[in-house]
Asker: 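Next up is a structure, given as structure tokens.
Fair warning: this is a prediction, and the values are worked out from it, not measured in the lab.
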Amino acid sequence: MTNKDVLLQIERLRKELNDQYKAQASITPELLELSVRLDHLLNKLHLHP
């Protein structure tokens, strides 16, 4: 997976996270899962500069 692929996935997850948060205005298991997935992608990006 290239950095560009990771960045695209991060942008998609950020949008999904923001959209769900706006709709629910509370922390749900789904939002938590998205946040964890985003963290994992960011970690991949930092491990492979």
Asker: List the steps, then state whether side chain to side chain contact (heavy atoms under 4.5 Å, CB included) holds for Val36 with His40.
Answerer: CA-CA 6 Å; Val36 168; His40 283 233; 3.5 Å; yes

Asker: Looking at every non-hydrogen atom in both residues, tell me the closest pair between Leu41 and Val6 and how far apart they are.
Answerer: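 Closest approach of Leu41 to Val6, heavy atoms only: O-CG1, 3.4 Å.
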
Asker: Suppose we screen for side chain to side chain donor-acceptor pair (under 3.5 Å). Which residues come up paired with Asn18, at least two apart in sequence or across chains?
Answerer: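 Per chain and number, Asn18 pairs via side chain to side chain donor-acceptor pair (under 3.5 Å) with no residue.
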
Asker: So if you build clusters from Ile, Leu, Val, Met, Phe, Trp, Tyr with side-chain heavy-atom gaps below 4.5 Å, do Leu7 and Leu42 land together?
Answerer: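 They do share one cluster, since a chain of ILVMFWY contacts under 4.5 Å joins Leu7 to Leu42.
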
Asker: Which residues pass the side chain to side chain donor-acceptor pair (under 3.5 Å) test with Ser35, not counting sequence neighbours?
Answerer: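 Once residues adjacent in sequence are excluded, Ser35 has no partner under the side chain to side chain donor-acceptor pair (under 3.5 Å) criterion.
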
Asker: With sequence neighbours left out, what residues match Glu11 under side-chain contact (heavy atoms from CB on, under 4.5 Å)?
Answerer: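 Applying side-chain contact (heavy atoms from CB on, under 4.5 Å) to Glu11 gives Arg14.
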
Asker: Which residues pass the salt bridge (charged side-chain N to carboxylate O under 4.0 Å, His left out) test with Lys15, sequence neighbours left out?
Answerer: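 Salt bridge (charged side-chain N to carboxylate O under 4.0 Å, His left out) check on Lys15 returns Asp19.
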
Asker: Kindly write out the residues that satisfy side-chain contact (heavy atoms from CB on, under 4.5 Å) with Gln20, not counting sequence neighbours, or none if the list is empty.
Answerer: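 Partners of Gln20 under the side-chain contact (heavy atoms from CB on, under 4.5 Å) test: Glu16, Gln24, Glu30, Leu31, Leu34.
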
Asker: Got a second to check how far Thr28's OG1 is from Glu33's CD, nearest 0.5 Å?
Answerer: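 Spacing of OG1 (Thr28) from CD (Glu33) equals 9.5 Å.
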
